[in-house]
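When reading the values below, keep in mind they use all heavy atoms of this one structure, side chains included, and skip hydrogens, waters and symmetry mates. For the single chain, residues carry numbers from 1 onward in sequence order. Atoms within each ligand, like the ligands themselves, are counted from 1 in listed order.
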Amino acid sequence: MADPKGFMTTPRQDWPRRPVEERVRDWDEVYVPGALLPIISKQADRCMDCGIPFCHDACPLGNLIPEWNDLVSREDWRAAADRLHATNNFPEFTGRLCPAPCETGCVLAINQPAVTIKNVEVAVADRAWESGFAPPRPPERLSGRTVAVIGSGPTGLAAAQQLTRAGHTVAVYEKDDRLGGLMRYGIPGFKMEKHHLERRIEQMRAEGTIFRTSTAVGRDVGAAELRARYDAVVIATGATAWRELDVPGRELAGIHQAMEYLPLANRVCEGDLEVSPMSAAGKHVVIVGGGDTGADCLGTAVRDEAASVTQVDIYAQPGAERDEDSDPWPTYPKVYRLSAAHEEAGVLRTAPAADADARLFAASTLRFTGDADGHVRSLHLVEVDAQRRPVPGTGRTLPADHVLLALGFSGPDRADGLVDQLGLGLEPRGTLTRDAGFATNVPGVFAAGDAARGQSLIVWAIAEGRAVAAAVDRHLTGSSRLPAPIGPYDRPMVV
Ligand SMILES: Cc1cc2nc3c(=O)[nH]c(=O)nc-3n(C[C@H](O)[C@H](O)[C@H](O)COP(=O)(O)OP(=O)(O)OC[C@H]3O[C@@H](n4cnc5c(N)ncnc54)[C@H](O)[C@@H]3O)c2cc1C
Ligand code: SF4
């Protein structure tokens, strides 16, 4: 660190967000462009070089955080970019999208606001691109071995980049028309603009990775055929089988799954559609599910110019501070968080049915009722206690003509036939079975990311992509020099 007293003299300052009234009128990222770089070196200087960096351990990628904080505080951007890319293939994705468990594990966070690690990460990544510090790194020689990666989300992309750089010939099969998985057709542009994705994919093409879009393995190309054609197969197909809400009235028109709604909004931004056929414009929107997917629906509905929007969460509102008994430092605590989307809820033309941040906590949906045309008009709910038991006398009805279900995902979507064609084993919760070395029950076939881990995070997807690449490299050549983050890969989402 350039200044050993930086943490005492410099207060935490986050990358400022654009004014709400301005940003809800477009789909661009919510941050003020260019406002991060002038503040970030001083922010990196707040890292106190504590000696035992819990942040490094809290990051699933094992990012070398104190090292690049020091380099950024000294404005050695090239070295910082090298240290960052040593552990993370796509820091511009995590720097925008990660919930940053590193920051809740920061030693400074014991009694002060943490170092803005995530902001430092994104600043290094963006600066690396601007300055040419992230060139393609094609392999020096080819191994003659071939690998098929199925799925182009962060897991598949990270695995493919590592294996290509190790000299193998890698083809990525993607059933969508564009690459990127949930980063393309799930996560809205206001969280991450898609040009970040394009730039990495171009880098990967230049390194030699082959991409086959609009090709569903199991449907457009047989899974067994693929297995016979390649020396190894990596399944990185994600976990997009959504959970249902089995209550009376679910069959009414106007009730959609979040992942039916969000991809259409993304397609409007891509220029494929002029208007989304599921646009929430002028409608009373209720989002069932309190998680991040629900928050993405909220931000999208606000930009659609919904009449009102309410997000219903079955869990009670968490406290503002960490509960030291249940969530002691350095764990990732359950606390009240105000996402950019929640900040935006107040701009709607009519007041939302809930609080200013549009959320109704500790509420459970009982049923939907509709009009004579079979279209949903109301959502009936009740307050629940900590054991999710209804609290008598708390029934309430919300106007709802556009309902979005954001209740999570159970495992890989099996409609394409890939799982059955290969005879892949499944865990009771629906995810793919694999051993500690990422191998499935089918020889030469490996599984990683949400497909095997269950619904998780970009940072875990990249970590698994890097780790499965090392496992495949070992399988193909008997040893591997590819770095792999240290698990635990057998544990479902920890954040
Ligand atoms: C709406 C939403 C918002 C999210 N926001 C965040 C966030 O802000 N931060 C964060 O860290 N995480 C977020 N997540 C979670 C994160 O996106 C996932 O954990 C991550 O994308 C998983 O990566 P993956 O590569 O394993 O799978 P995916 O990203 O799901 O990619 C799988 C790919 O495989 C393809 N595929 C599937 N079957 C086949 C087949 N048979 N043949 C060919 N291709 C196939 C799919 O089309 C898809 O492109 C969000 C998730 C959702 C749903
Ligand atoms: S990837 Fe996530 S946990 Fe790791 S350093 Fe970046 S923000 Fe922190």
Side-chain angles (χ1 to χ4, degrees), residues 55-65 68 84 87-88 90-91 93-106 114 116-122 125 148-159 172-188 191-192 212-221 223 226 235-240 242 258-259 261-263 266 291-297 300 332 339 406 408-409 412-419 421 447-465 485 493 495:
C55 57
H56 163 78
D57 195 48
C59 171
L61 284 160
N63 273 348
L64 304 164
I65 297 161
W68 36 261
L84 183 52
T87 56
N88 188 353
F90 313 126
F93 303 165
T94 44
R96 288 178 167 81
L97 299 169
C98 188
C102 54
E103 292 188 15
T104 54
C106 172
T116 54
I117 298 170
K118 178 173 155 172
N119 283 180
V120 177
E121 181 174 41
V122 80
V149 173
I150 310 175
S152 70
T155 307
L157 292 180
V172 178
Y173 288 79
E174 171 53 57
K175 70 175 170 185
D176 268 326
D177 55 346
R178 291 188 180 89
L179 302 162
L182 288 173
M183 295 185 299
R184 172 74 65 180
Y185 288 130
I187 294 173
K191 277 169 63 178
M192 187 179 82
R212 305 243 183 277
T213 50
S214 303
T215 310
V217 178
R219 195 182 61 213
D220 302 318
V221 49
L226 212 68
I235 301 180
T237 49
T240 50
W242 52 60
M259 277 305 292
Y261 173 66
L262 293 172
N266 272 306
D292 289 345
T293 302
D296 289 352
C297 291
T300 303
Y332 192 78
S339 73
F409 304 90
D413 180 359
R414 294 177 59 185
D416 298 318
L418 164 66
V419 171
Q421 286 175 21
D450 280 13
R453 172 183 195 84
Q455 131 186 49
S456 186
L457 296 170
I458 309 282
V459 62
W460 273 109
I462 300 172
E464 291 223 352
M493 185 168 149
V495 179

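Close contacts between ligand 2 and P101 involve ligand atoms 3 (S) [criterion: under 4.0 Å to a heavy atom].
Distances under 2.8 Å from atom 6 (Fe) of ligand 2 pick out the protein N/O/S atoms E121 OE1.
Side chain of E174 to backbone of L179: no donor-acceptor contact under 3.5 angstrom is found. The closest donor-acceptor contact from the side chain of Q455 to the backbone of F409 lies under 3.5 Å.
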- salt bridge (Lys or Arg N to Asp or Glu O under 4.0 Å) assessment of D176 paired with R184: CA-CA 10 Å; D176 268 326; R184 172 74 65 180; over 6 Å; no

- Task: Could you walk me through whether L262 and T293 pass side-chain contact (heavy atoms from CB on, under 4.5 Å), step by step?
- Result: CA-CA 9 Å; L262 293 172; T293 302; 4.2 Å; yes

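The only member of L97, L61, N88 that meets side-chain contact (heavy atoms from CB on, under 4.5 Å) when paired with V459 is L61.
Here D220 pairs with nothing under the salt bridge (charged side-chain N to carboxylate O under 4.0 Å, His left out) rule; sequence neighbours left out. For D416, the salt bridge (charged side-chain N to carboxylate O under 4.0 Å, His left out) test picks out K175, R219, with sequence neighbours left out.
Of all heavy-atom pairs spanning K118 and G95, the tightest one is CG-O, 3.2 Å. Taking all atoms of both residues into account, the shortest heavy-atom contact from C55 to I117 is CB-CD1, 3.8 Å.
One side chain, S456 or R453, offers a donor N or O that lies under 3.5 Å from an acceptor on the other.
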Could you give the N/O to N/O pairs under 3.5 Å linking ligand 1 and the protein, each with its distance?
| unit_1 | atom_1 | unit_2 | atom_2 | d |
| --- | --- | --- | --- | --- |
| ligand 1 | 5 (N) | K191 | NZ | 3.2 |
| ligand 1 | 8 (O) | K191 | NZ | 2.8 |
| ligand 1 | 9 (N) | L97 | O | 2.8 |
| ligand 1 | 11 (O) | I458 | N | 2.9 |
| ligand 1 | 19 (O) | D450 | OD1 | 3.2 |
| ligand 1 | 19 (O) | D450 | OD2 | 2.9 |
| ligand 1 | 19 (O) | S456 | O | 3.1 |
| ligand 1 | 19 (O) | L457 | N | 3.3 |
| ligand 1 | 25 (O) | P154 | N | 3.3 |
| ligand 1 | 25 (O) | T155 | N | 3.0 |
| ligand 1 | 25 (O) | T155 | OG1 | 3.1 |
| ligand 1 | 26 (O) | T155 | OG1 | 2.8 |
| ligand 1 | 26 (O) | D450 | N | 3.0 |
| ligand 1 | 29 (O) | L182 | N | 3.0 |
| ligand 1 | 41 (N) | V217 | O | 3.0 |
| ligand 1 | 41 (N) | D416 | OD2 | 3.2 |
| ligand 1 | 42 (N) | V217 | N | 2.9 |
| ligand 1 | 44 (N) | K175 | N | 3.1 |
| ligand 1 | 47 (O) | E174 | OE2 | 2.7 |
| ligand 1 | 49 (O) | E174 | OE1 | 2.6 |
| ligand 1 | 49 (O) | E174 | OE2 | 3.0 |

